Amino acid sequence: MTDLKSQIDPDKVPQHIAIIMDGNGRWAKQKGLPRVLGHHSGVKSVREVTEAGAQLGVKYLTLYAFSTENWNRPPAEVTALMSLLVETIKGEIRDLNKNGVRLTAIGDIEALPPATLKTLKEGIEKTKDNQRITLVLALNYSAKWEILHATRILAERVKAGLLNPSDITQDLFEQELSTHGMPDPELLIRTSGEARLSNFLLWQVAYAELYFTPVFWPDFGQQELYEAILSYQNRERRFGRISEQLS
Ligand code: FPP
């Protein structure tokens, strides 16, 4: 097997990778298994990709674990996903601490079921001092929710006479997004062959490189992460300029 890891330029590793973990259901169906077993297998990929990313020096990994639209799934699947989250966070805290992984979350987490919220908050609190990599779980998240939320906060400040509309800059707006303090993702990966953003980090991925792979999430591991990073490193990021301006 080609050694993909050795081909990665350590000075050009993305600081922040965002992933739409898609295809758990189809992975399970292909094997004649219930959908929920696909989600269970997806947890193994979360573990593998987090560790592989940390080893390469990735500082933030943001995973789309549950969107605001996912509440529309069959109730049994929603319940199973919420239980899986509780089980996984509880079961992983010790390893997260051993491996320097700080857990955090973005999204309207206060609206999660109480048991999920409680475990999530415990996980965040117990790993808050870890510094090797930050694992950001997007839970009850959607980019349109987040952008509206930020807009309302700023509008309230304008109404109270604390802010002039002309003082609303990109920086000020970003301070009210759930990702404030994090660099924007340089690379966004979506598994399972779909090529959509599905309401994920729409503001933050304005200049991200997009990488779509047909691999289902439970089959996405460290080698697949290396391939995605190599693809990213082979692209020219121009940010609106022309090739000749980039030295
Ligand atoms: C998408 O596959 C996957 C999800 C909506 C859930 C992802 C959740 C996990 C991998 C487990 C979460 C655990 C942690 C700790 C992050 P899909 O069900 O949409 O697949 P399909 O498109 O093939 O139906």
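Start at 1 and go down the list; that is how both ligands and their atoms are numbered. Just so you know, these numbers come straight off a predicted model, no measurement behind them.
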Would you mind checking which non-hydrogen protein atom is closest to [atom], with the distance to 0.1 Å?
{"atom": "atom 5 (C) of ligand 1", "value": "Asn70 OD1, 3.8 Å"}
{"atom": "atom 14 (C) of ligand 1", "value": "Leu85 CD2, 4.1 Å"}
{"atom": "atom 15 (C) of ligand 1", "value": "Thr88 CG2, 3.6 Å"}
{"atom": "atom 13 (C) of ligand 1", "value": "Val43 CG2, 4.0 Å"}
{"atom": "atom 3 (C) of ligand 1", "value": "Met21 O, 3.1 Å"}
{"atom": "atom 6 (C) of ligand 1", "value": "Ala65 O, 3.4 Å"}
{"atom": "atom 4 (C) of ligand 1", "value": "His39 CE1, 3.9 Å"}

Please list, in number order, the atoms of ligand 1 under 4.0 Å from a heavy atom of Leu137.
16 (C)
Counting each atom of ligand 1 from 1 as listed, which ones have a heavy atom of Arg26 under 4.0 Å away?
21 (P), 22 (O), 23 (O)
With hydrophobic residues grouped by side-chain heavy-atom distances under 4.5 Å, do [X] and [Y] end up in a single group?
{"X": "Val136", "Y": "Leu96", "value": "no"}
{"X": "Phe216", "Y": "Phe66", "value": "no"}
{"X": "Ile93", "Y": "Val46", "value": "yes"}

Under 3.5 Å: N/O of [X] near N/O of ligand 1:
{"X": "Val46", "result": "no"}
{"X": "Arg35", "result": "yes"}
{"X": "Trp27", "result": "no"}
{"X": "Asn24", "result": "yes"}
{"X": "Leu84", "result": "no"}

Quick check on Gln245: does its CD atom have over 12 non-hydrogen neighbours (other residues, nucleotides or ligands) under 6.0 Å away?
yes
Is [Y] paired with [X] through a side-chain N to carboxylate O contact shorter than 4.0 Å?
{"X": "Glu186", "Y": "Arg235", "value": "no"}
{"X": "Lys144", "Y": "Glu69", "value": "no"}
{"X": "Glu176", "Y": "Arg157", "value": "yes"}
{"X": "Glu122", "Y": "Lys118", "value": "yes"}

Counting heavy atoms under 4.0 Å, the part of Arg73 that contacts ligand 1 is side chain
Can [X] be said to touch ligand 1, with heavy atoms closer than 4.0 Å?
{"X": "Lys29", "answer": "no"}
{"X": "Gly23", "answer": "yes"}
{"X": "Leu63", "answer": "no"}

Can you say whether the rings of His16 and Tyr60 are parallel (under 30°), tilted (30 to 60°) or perpendicular (over 60°)?
tilted
Tell me whether the rings of Trp145 and Tyr141 are parallel (<30°), tilted (30 to 60°) or perpendicular (>60°).
perpendicular
Output the distance between atom CD1 (Ile20) and atom CG (Asn199), rounded to the nearest 0.5 Å.
10.0 Å
